[in-house]
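Written below as structure tokens is the structure these notes are about.
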Amino acid sequence: MTFQAAVLDLVRRIPRGRVATYGQLATLLGRPRSARMVGQALRGADGALPWHRVVNAQGRISPRSRAASMLTQRIRLEQEGVLFRRGRVILTRFRWTAAARQRARFKPELL
DNA sequence: GACTTGACTAGAC
DNA sequence: AGTCTAGCCAAGT
């Protein structure tokens, strides 16, 4: 299992209406210093992957070569109910955490 | 093998 | 809050 494949598998598990950061995913995969690699793994993501649920540590959509995909990302997140505040996702509310996973198991409607 | 290139981050002003 | 810097590391030249 390559790091990239592991990243994609993990990203697929982020539920609707939740976001994770690059560094967070890297840490969950046991490689806390490989945040940049997470972004790299997402470069070639296809349409099936919920790549839009990954933002940077500040809750901002990371800049990339084409600005169009940044707009797409924000629109998709907002369609899932993720709220922004001054250009940042409100991470304290929408971050995908162990606590969020627990709540989801108990009360799925709280997703 | 030596650079360079990033969808990164934490820390320091 | 904005800007810089150093450290990061897999991939591509």
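Order of the sequence lines fixes the chain letters, A, B, ..., with proteins taken first and strands second; residue numbering starts at 1 for each chain.
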Do [X] and [Y] come within less than 4.5 Å of each other through their side chains, counting heavy atoms only?
| X | Y | answer |
| --- | --- | --- |
| A:V19 | A:V54 | no |
| A:V55 | A:L77 | yes |
| A:L10 | A:V38 | no |
| A:T2 | A:V7 | no |
| A:F84 | A:I61 | yes |

Margin query: Mind checking if A:R33 touches a base, just sugar-phosphate, or nothing, with heavy atoms under 4.0 Å?
Written below: sugar-phosphate

Check: Contact class for A:T21 (heavy atom, under 4.0 Å): base, sugar-phosphate, or nothing?
Finding: sugar-phosphate

Margin query: If the condition is side-chain hydrogen bond (donor to acceptor under 3.5 Å, both in side chains), which residues does A:R76 pass it with, not counting sequence neighbours?
Written below: none

Could you tell me the separation between the [atom1] atom of [X] and the [atom2] atom of [N], rounded to a whole number of Å?
| X | N | atom1 | atom2 | value |
| --- | --- | --- | --- | --- |
| A:R60 | B:dT9 | CZ | P | 13 Å |
| A:Q24 | B:dA10 | CD | C1' | 16 Å |
| A:L29 | B:dC8 | CG | P | 16 Å |
| A:R88 | B:dT9 | CZ | P | 13 Å |

Notebook entry, point to check: What residues in residues 49-56 of chain A put a non-hydrogen atom under 4.0 Å from any atom of DNA chain C?
Noted result: none

Check: In residues 34-42 of chain A, which residues come under 4.0 Å of DNA chain C by heavy atom?
Finding: A:S34, A:R36, A:M37, A:Q40

Checklist line | 5'-to-3' dot-bracket of DNA chain C (Watson-Crick, G-U; under 3.5 angstrom; crossing pairs as [ ]; | other strand) | finding: .||||||.|||||

How close do [X] and [Y] get, counting heavy atoms only, and between which atoms?
| X | Y | value |
| --- | --- | --- |
| A:F94 | A:G81 | CE2-O, 3.5 Å |
| A:V11 | A:P50 | O-CG, 3.4 Å |
| A:T21 | A:N56 | CG2-O, 3.6 Å |
| A:Q24 | A:R95 | OE1-NH1, 2.8 Å |

Note to self: For the P atoms, the ones on C:dG7 and on B:dA7, what distance do you get once it is rounded to whole angstrom?
What the structure shows: 22 Å

Note to self: Rounding to an integer number of angstrom, what distance separates C:dT13 and B:dG1 when you compare their C1' atoms?
What the structure shows: 12 Å

Output a table of donor-acceptor pairs, distance under 3.5 Å, between side-chain atoms of residues 28-37 of chain A and any protein atom two or more places apart or on a different chain; print 'none' if there are none.
none

Check: 5' to 3' on DNA chain C, which nucleotides open and close the contacts with chain A (atom under 4.0 Å from a heavy atom)?
Finding: C:dG7 to C:dA11

Notebook entry, point to check: So, A:R88 side chain and A:R60 main chain: donor-acceptor pair closer than 3.5 Å or not?
Noted result: no

Next item on the list: Would you check if the side chain of A:R74 reaches a backbone N or O of A:T72 as a donor-acceptor pair within less than 3.5 Å?
Entry: no

Check: Would you call A:E80 and A:R53 a salt bridge, using N to O less than 4.0 angstrom?
Finding: yes

Margin query: By nearest heavy atom, map A:Q58 and A:P63 onto DNA chain B; which one lands nearer the 5' end?
Written below: A:P63

